[in-house]
Amino acid sequence: MGETVGSAALGRWLRAFADAVSENADELTALDSAIGDADHGANMRRGMNAVVAKLDAAPDVAPAALLKTVGMTLVSTVGGASGPLYGTLFLRMGTSAGDRAELDAQAFAAALRAGLNGVVARGKAVLGDKTMVDALTPAVDALDAALTDGAGLSDALHAAATAADRGSDATIPLVARKGRASYLGARSAGHRDPGATSTALLVNTAAASLG
Amino acid sequence: MGETVGSAALGRWLRAFADAVSENADELTALDSAIGDADHGANMRRGMNAVVAKLDAAPDVAPAALLKTVGMTLVSTVGGASGPLYGTLFLRMGTSAGDRAELDAQAFAAALRAGLNGVVARGKAVLGDKTMVDALTPAVDALDAALTDGAGLSDALHAAATAADRGSDATIPLVARKGRASYLGARSAGHRDPGATSTALLVNTAAASLG
Amino acid sequence: MKKLINDTADVVTEALRGVELAHPQLRVDHQNKIVFRGDAPVRGKVGLISGGGSGHEPLHGGFVGPGMLDAACAGEVFTSPVPDQMLAATQGVDGGAGVLHIVKNYTGDVMNFEMAAELAAAEGVEVEAVVTDDDVAVQDSLYTAGRRGVGVTVLLEKIVGAAADEGRDLKAVAEVARKVDANGRSMGMALTSCTVPAAGKPTFDLPDDQMEIGIGIHGEPGRRRVPLAPAREVAEMLVEPILKDLDFTGGDGVLAFVNGMGATPLLELYLMYGEVAAILRKAGVRVVRSLVGPYITSLDMAGCSVTLLKMDDELVHLWDAPVNTPGLRWGA
Amino acid sequence: MKKLINDTADVVTEALRGVELAHPQLRVDHQNKIVFRGDAPVRGKVGLISGGGSGHEPLHGGFVGPGMLDAACAGEVFTSPVPDQMLAATQGVDGGAGVLHIVKNYTGDVMNFEMAAELAAAEGVEVEAVVTDDDVAVQDSLYTAGRRGVGVTVLLEKIVGAAADEGRDLKAVAEVARKVDANGRSMGMALTSCTVPAAGKPTFDLPDDQMEIGIGIHGEPGRRRVPLAPAREVAEMLVEPILKDLDFTGGDGVLAFVNGMGATPLLELYLMYGEVAAILRKAGVRVVRSLVGPYITSLDMAGCSVTLLKMDDELVHLWDAPVNTPGLRWGA
Ligand SMILES: Nc1ncnc2c1ncn2[C@@H]1O[C@H](COP(=O)(O)OP(=O)(O)O)[C@@H](O)[C@H]1O
Ligand SMILES: Nc1ncnc2c1ncn2[C@@H]1O[C@H](COP(=O)(O)OP(=O)(O)O)[C@@H](O)[C@H]1O
Ligand SMILES: [Mg+2]
Ligand SMILES: [Mg+2]
Ligand SMILES: [Mg+2]
Ligand SMILES: [Mg+2]
């Protein structure tokens with residue numbers, strides 16, 4: 001633990017996320033049953049299991065390489081909408097990490113924002129479309145704001161996690177305009193978005209394992 | 001009503017049988033669900049509805065012609081195992097009736113026995129195979145016996161009906177050796193045979209409407 | 001009951017209307033519920049007809065066309081057609097070389113086809129009948145109705161259709177048919193019951209954790225009810241009694257046919273085919289041809305059956321010959 | 001859950017094993033879950049690949065072969081394949097004339113195929129993509145994911161396959177594909193839910209007396225839930241929105257396609273086809289070709305969809321051209 005994030009910390013985070021996905025896979029799939037095709041839990045679990053296997057096989061790499069491996073593994077194993085989106089998130093984080101051995105709070109926040117921008121570029125969703133962007137955007141904003149206010153990384157990530165949870169909650173009343181749920185039109189309202197839910201897990205496990 | 005059976009009486013009998021089949025169609029099908037293919041009620045109802053339509057269209061024919069029409073109508077509309085069997089029963093009764101305008105008790109009994117023989121010739125079932133033969137054989141035997149004992153047609157038909165019911169009951173413990181139920185082997189035991197059940201209805205309606 | 005139908009009494013009639021509209025190369029006699037090839041009777045060719053209760057589609061109507069049947073009689077759902085239909089079909093396909101009746105071994109089918117053959121003979125048409133009885137789930141005995149005709153019927157209609165197309169005479173065509181029946185064996189299973197439209201509810205109750213092994217194509221209960229098992233064990237339960245009944249090793253190999261009962265998706269049928277093929281390989285049975293899909297079904301029953309047919313050069317040649325029907329088509 | 005499977009994680013892998021064994025003319029890349037025609041790449045011919053989540057069989061793997069696709073990528077059940085698979089398929093079918101990607105319009109499929117196209121371009125393979133989006137159940141708008149790709153995909157793969165077979169170049173083949181998509185419309189319905197193996201229970205609850213109109217092929221809920229109705233009313237509910245969306249009268253007529261969702265028997269599909277044809281006749285729409293059967297399914301869902309495609313001489317000619325795949329075959 002500390003004010004910077006290196007490969008060991010990233011590994012802890014990703015393993016914690018993998019555990020959270022596994023524990024919540026049935027719930028994620030249930031959410032996807034309501035407004036999608038009942039596979040988001042299975043997709044994310046398959047992908048994160050593959051990520052953990054990669055981490056086990058090659059633990060000692062720099063943050064950029066690690067994040068890119070995670071991204072490519074997700075792209076190659078998840079499929080569906082979440083594969084390219086989560087994959088792009090980590091690929092862009094890797095690019096943003098550059099050749100740093102450790103990311104300080106600012107660099108980590110910048111990487112996460114680069115990831116968010118990648119998700120938006122790939123999926124073309126805007127805030128309020130009822131997607132993972134609705135959890136990720138407020139989380140990245142809260143992280144930046146807390147750091148600007150002088151908070152430490154840990155406090156800032158906890159603020160981000162709270163924002164991600166709120167963003168996930170906020171998807172419930174929305175009518176989906178992107179992804180499979182958009183086929184439902186008005187009937188998509190009243191259901192939590194599965195991708196926003198898994199993204200909230202991602203940010204919460206970051207708060208628990210980083211900083 | 002009387003000691004002889006003419007076309008009017010035959011018509012009453014067949015209409016009564018049609019009504020009984022219709023009322024019991026669901027039960028016959030349920031019996032056939034247990035050890036067959038769930039269509040005996042539908043088959044017999046379709047056939048007897050067609051018979052009634054024929055009777056309505058051409059009521060004034062001699063017994064032989066009437067019985068042959070009934071037989072041919074059943075052959076042409078029922079299908080399955082019961083179509084050829086019930087059809088043959090009535091076709092042979094018609095042949096046996098010859099050119100009589102009225103069948104006395106002996107002639108009626110002889111006709112029914114001819115019908116039974118036709119069923120056996122067509123289906124090759126013997127007593128105890130768990131088929132309609134198990135209801136029809138004791139009924140014909142009881143009819144003959146009662147007439148030999150000096151009973152009137154009405155009493156003799158009531159004896160035949162009782163024997164048919166018993167014969168139908170007696171199929172319950174049997175293992176089927178003919179028809180679809182034979183595929184079940186030992187599992188056919190414990191179920192009443194649908195064809196024996198409809199045959200008992202046939203003999204009971206005869207007792208109620210003839211003699 | 002959830003079905004895409006109107007009145008339960010009209011299911012067969014209305015489906016035949018759809019068949020006629022979808023397949024202009026076929027002709028439908030609506031009164032007699034017969035599907036004819038459009039050019040029947042074919043002069044000089046042995047006519048092939050079959051028929052049976054409806055609910056097994058594509059069997060038989062979907063197998064009418066060049067290289068296979070000349071006509072098929074549709075009975076009510078799961079009820080044999082009547083002799084009048086069979087007689088009309090026989091007369092309609094008689095091109096002067098006689099007519100073969102392909103009959104699945106069910107009491108009703110056999111008796112109705114017998115009556116039809118008697119009527120046709122009286123009309124001067126030469127008729128032979130061949131009865132399929134390939135279902136090893138049923139004990140075969142002189143004292144029962146014998147084995148049911150199931151999957152082999154599909155293969156037989158194709159192979160015998162090719163033999164008739166080659167111009168063989170009625171005796172020779174019937175001989176090929178009997179050879180196919182003698183060399184084929186089948187066994188089926190169900191995960192769920194079918195629902196006969198007129199009955200309105202499932203024919204049998206099958207608990208969520210049970211399956212029926214040895215099921216017939218009319219939802220007739222099978223050999224035994226057992227707990228759900230993985231596909232590879234199901235494949236064992238179907239293949240093992242077939243291999244016990246007839247030696248399929250050696251010779252010119254077999255045609256392996258995994259059939260869907262109606263509600264089982266192709267994904268599962270291919271998975272089952274993989275399991276069946278693996279068992280056959282282990283047993284030393286060489287597969288030279290295969291067929292996977294719903295070809296002889298049981299309405300909306302979920303489940304499958306396995307059929308093996310011993311092949312020889314003649315049967316392979318006839319199997320590969322062109323066929324052009326809605327249900328099976330190649331080379332044409 | 002009652003399915004003929006082993007482990008839920010192995011369903012696709014094991015089904016592909018069965019596909020390979022049942023169809024020696026195909027080649028299966030098990031690692032990448034790709035079904036290839038055995039002779040791919042075909043020199044000088046535009047390569048056609050498609051792919052998507054599994055569970056829609058015969059789509060897409062069953063449509064691989066001469067006259068149709070060169071390869072199909074199988075994703076997990078209802079989950080788009082990944083770019084690695086699509087790249088491997090693209091490279092495997094590239095005969096020097098470029099490769100067309102046929103993509104059903106789902107966010108996941110589109111994004112994965114986009115990534116694959118970027119990778120293929122980097123490897124120097126010329127790629128065009130065409131996206132099918134024919135489902136009128138879904139509101140079409142710039143601000144949503146747009147319409148789903150459903151039944152038209154089947155027709156497109158056949159027609160475009162014939163165009164590629166004729167030796168047309170990539171641009172021309174893609175143009176035919178876009179023409180088919182622009183002229184086709186579909187609408188589906190479900191009587192029951194499907195069950196995704198990994199989920200283990202039905203995707204949605206549909207009461208015994210209700211049906212879902214406008215369903216997608218992944219069990220995505222549709223336009224509305226209504227009480228069960230006779231087939232002729234169901235046909236109205238499907239055809240009417242299609243005719244409202246595009247004028248199908250006049251011209252060279254239409255191809256009418258009644259598709260089964262997986263668990264609906266052929267008997268009902270033909271009955272539905274009769275109803276659809278009757279409505280079209282009344283509406284002045286002339287049917288010149290037809291297709292009836294389960295071609296783009298949704299696992300074990302009961303229900304059907306209707307697709308209409310406006311034909312012209314070119315499309316009729318391409319539709320009638322020979323095709324030789326497990327799922328569609330004629331003239332070869
Ligand atoms: N265009 C998009 N932009 C951002 N996120 C999206 C987009 N489309 C879908 N998603 C996210 O993906 C999630 C669904 O993922 P998943 O179920 O794994 O894939 P699929 O929809 O292909 O089955 C949705 O809940 C949503 O959060
Ligand atoms: N060989 C036979 N001889 C006499 N009766 C028979 C024979 N086979 C079947 N049956 C009778 O037919 C009945 C079944 O009739 P039905 O259900 O209408 O025909 P199917 O069995 O063709 O569906 C049986 O219950 C039995 O009584
Ligand atoms: Mg999903
Ligand atoms: Mg019956
Ligand atoms: Mg029957
Ligand atoms: Mg998915």
Side-chain angles (χ1 to χ4, degrees), chain B residues 25-26 28-30 32-47 49-50 71-88 91 119 121-126 128-132 175-188 191 195, chain C residues 8-9 32 51-53 55 73 75-85 87 106-116 119 135 137-139 141-148 193-205 214-225 298:
Chain B
D26 288 348
L28 294 174
T29 289
D32 200 27
S33 295
I35 57 171
D37 60 350
D39 64 359
H40 188 59
N43 290 347
M44 293 302 296
R45 182 165 46 193
R46 186 173 58 250
N49 283 350
M72 280 169 45
T73 304
L74 291 174
V75 166
S76 302
T77 58
V78 175
S82 44
L85 292 169
Y86 273 100
T88 300
L91 286 172
V119 169
R122 179 62 64 198
K124 310 210 171 47
V126 299
D129 281 354
K130 195 178 182 111
T131 71
M132 59 187 286
V175 172
R177 280 188 304 249
K178 278 281 176 293
R180 226 173 262 289
S182 72
Y183 305 139
L184 278 179
R187 284 168 72 187
S188 63
H191 298 278
Chain C
T8 56
N32 285 308
C73 305
E76 288 303 314
V77 171
F78 290 176
T79 300
S80 162
V82 300
D84 311 46
Q85 296 174 269
L87 176 62
Y106 299 95
T107 304
D109 294 64
V110 171
M111 290 194 300
N112 282 285
F113 265 107
E114 268 170 18
M115 292 187 100
L119 296 168
D135 190 346
V138 172
Q139 224 204 332
S141 144
L142 274 179
Y143 307 103
T144 68
R147 287 179 162 170
R148 300 176 290 223
S193 172
C194 49
T195 296
V196 174
K201 48 177 198 286
T203 303
F204 55 92
D205 284 318
I215 195 84
I217 55 169
H218 308 88
E220 307 99 312
R223 276 194 182 187
R224 62 187 198 279
R225 194 161 282 193
S298 184

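Here the structure is a predicted model, which means the values were calculated and not measured. Labels below follow one simple rule: chain letters A, B, ... track the order of the sequence lines, proteins then strands, and each chain is numbered from 1. Values reported hereafter were calculated over all heavy atoms of this structure, with side chains retained and with hydrogens, waters and symmetry mates removed.
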Heavy-atom contact with chain B under 4.5 Å, split by part of [X]:
| X | value |
| --- | --- |
| Asp84(C) | side chain |
| Tyr106(C) | both |
| Glu76(C) | side chain |

Toward chain C, the part of [X] with a non-hydrogen atom under 4.5 Å:
| X | value |
| --- | --- |
| Ser33(B) | both |
| Ser76(B) | both |
| Arg187(B) | side chain |
| Ser82(B) | neither |
| Ala186(B) | neither |
| Val78(B) | backbone |

*Do Met111(C) and Thr88(B) have side chains that get closer than 4.5 Å, going by heavy atoms?*
no

*With sequence neighbours left out, write down each residue that passes ring-ring contact (aromatic ring centres under 6.0 Å, His included) with Tyr183(B), or none if nothing qualifies.*
none

*Only pairs at least two apart or in different chains count here, so list each salt bridge (Lys or Arg N to Asp or Glu O under 4.0 Å) that has a residue in residues 71-87 of chain B.*
none

*Gly80(B) backbone acceptor or donor facing Asn112(C) side chain under 3.5 Å*: yes

_Taking every non-hydrogen atom, the tightest pair across Ala199(C) and Ala38(B)_ = CB-O, 4.3 Å

_Can you give me the closest heavy-atom contact between Thr79(C) and Arg46(B), atom names plus distance?_
CG2-NH2, 3.8 Å

How many angstroms lie between [atom1] in [X] and [atom2] in [Y], if you round to the nearest 0.5 Å?
| X | Y | atom1 | atom2 | answer |
| --- | --- | --- | --- | --- |
| Asp39(B) | His218(C) | CG | NE2 | 8.5 Å |
| Met115(C) | Arg122(B) | CE | CZ | 4.5 Å |
| Asp26(B) | Lys201(C) | CG | NZ | 6.5 Å |

*Looking at Gly219(C), Gly216(C), Pro83(C), which one has more heavy-atom pairs under 4.5 Å with chain B than the rest?*
Pro83(C)

_Which of Val82(C), Thr203(C), Asp135(C) touches chain B most, by non-hydrogen pairs under 4.5 Å_ = Val82(C)

*When heavy-atom pairs shorter than 4.5 Å are enumerated against chain C, which of Ala42(B), Gly179(B), Gly185(B) gives the highest number?*
Gly179(B)

